[in-house]
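Contents: one structure, followed by commentary.
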Amino acid sequence: MIDRAKALGECEECDFAHADLEGVDLKGVKLDDSNFAGANLSGAKIEDCGECDFSDADLTNALMERASLDEAIFVRANVSAAKCEVLAAM
């Protein structure tokens, strides 16, 4: 599913719950409303993920610089050493 999302540049409302996505580069992929609950996103690069669910996800060392994460859910997510610079709403 990741390869298809990268090829299309989008994967809105996709279910990545409990997936092993360690180190995956999702920059440039629109992922709004996708489910990443319990997923391993250690070292992943994420850019456009408004309203995504990261509950219980591992985002250790994730790179989310200049990311659009409006209304994203991070309940019990591990964001240790994650780099996050969220774009301000216009």
Side-chain angles (χ1 to χ4, degrees):
M1 186 181 314
I2 290 295
D3 291 334
R4 183 170 185 259
K6 289 167 86 170
L8 294 174
E10 68 177 12
C11 193
E12 295 186 55
E13 299 180 9
C14 290
D15 188 6
F16 297 105
H18 306 285
D20 184 2
L21 302 171
E22 184 174 358
V24 70
D25 185 349
L26 296 170
K27 290 182 102 178
V29 180
K30 187 173 178 73
L31 298 161
D32 292 345
D33 286 317
S34 290
N35 180 13
F36 292 95
N40 177 8
L41 291 155
S42 298
K45 296 175 184 171
I46 299 167
E47 196 171 67
D48 191 353
C49 207
E51 299 180 19
C52 286
D53 185 356
F54 294 104
S55 297
D56 298 308
D58 184 357
L59 291 151
T60 303
N61 292 316
L63 180 61
M64 297 179 281
E65 293 180 325
R66 303 196 44 80
S68 174
L69 299 168
D70 54 302
E71 298 184 45
I73 301 166
F74 291 93
V75 176
R76 295 178 308 275
N78 181 356
V79 292
S80 300
K83 292 185 179 183
C84 185
E85 176 189 318
V86 180
L87 291 175
M90 300 284 180

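Worth saying up front: this structure is predicted, and the values here are computed from it rather than measured. Throughout, numbering of the chain's residues begins at 1 and tracks the sequence.
In this view, Asn78 and Thr60, Ser80 satisfy the side-chain hydrogen bond (donor to acceptor under 3.5 Å, both in side chains) rule, not counting sequence neighbours. Looking at residues two or more places apart in sequence or on another chain, you find no side-chain hydrogen bond (donor to acceptor under 3.5 Å, both in side chains) involving Asp33. Remark: Lys30 pairs with Asp32 by the side-chain hydrogen bond (donor to acceptor under 3.5 Å, both in side chains) rule, at least two apart or across chains. Scored by the salt bridge (Lys or Arg N to Asp or Glu O under 4.0 Å) test, Asp56 finds Arg76 as partners (sequence neighbours excluded). Residues satisfying the side-chain hydrogen bond (donor to acceptor under 3.5 Å, both in side chains) criterion with Asn40, sequence neighbours excluded, are Asp20, Ser42.
Atom CD of Glu51 is separated from atom CD of Glu71 by 4.5 Å, given to the nearest 0.5 angstrom. The distance from the CD1 atom of Ile46 to the CG atom of Leu31 is 7.5 Å, given to the nearest 0.5 Å. Note that CD of Glu10 and CZ of Arg4 are 9.0 Å apart. Values are rounded to the nearest 0.5 Å. Rounding to the nearest 0.5 Å gives a distance of 5.0 Å between CG of Asp25 and NZ of Lys45. For the atom pair CG (Leu21) and CZ (Phe36), the distance works out to 6.5 Å, reported to the nearest 0.5 Å.
Grouping Ile, Leu, Val, Met, Phe, Trp and Tyr residues whose side-chain heavy atoms lie under 4.5 Å apart, directly or via other members, places Val75 in a hydrophobic cluster with Ile73.
Here the rule is side chain to side chain contact (heavy atoms under 4.5 Å, CB included) with Phe54, and of Asn35, Val79, Leu59 only Leu59 fits it.
Linking ILVMFWY residues whenever their side-chain heavy atoms come closer than 4.5 Å, directly or via other members, leaves Leu63 and Ile2 in distinct clusters.
Contact detail for Ser34 and Cys11: the closest heavy-atom pair is OG-O, 2.9 Å. In plain terms, the two heavy atoms of Asn61 and Ala81 that are nearest each other are OD1-CB, 3.1 Å. For the pair Ala39 and Phe16, the tightest heavy-atom approach, listed with the atom from each and the gap, is CB-O, 3.6 Å. When all heavy atoms are compared, the tightest approach of Ala5 to Val29 is O-CG1, 3.8 Å.
Annotation: side chain of Leu69 is in contact with side chain of Cys84 (closest heavy-atom distance under 4.5 Å).
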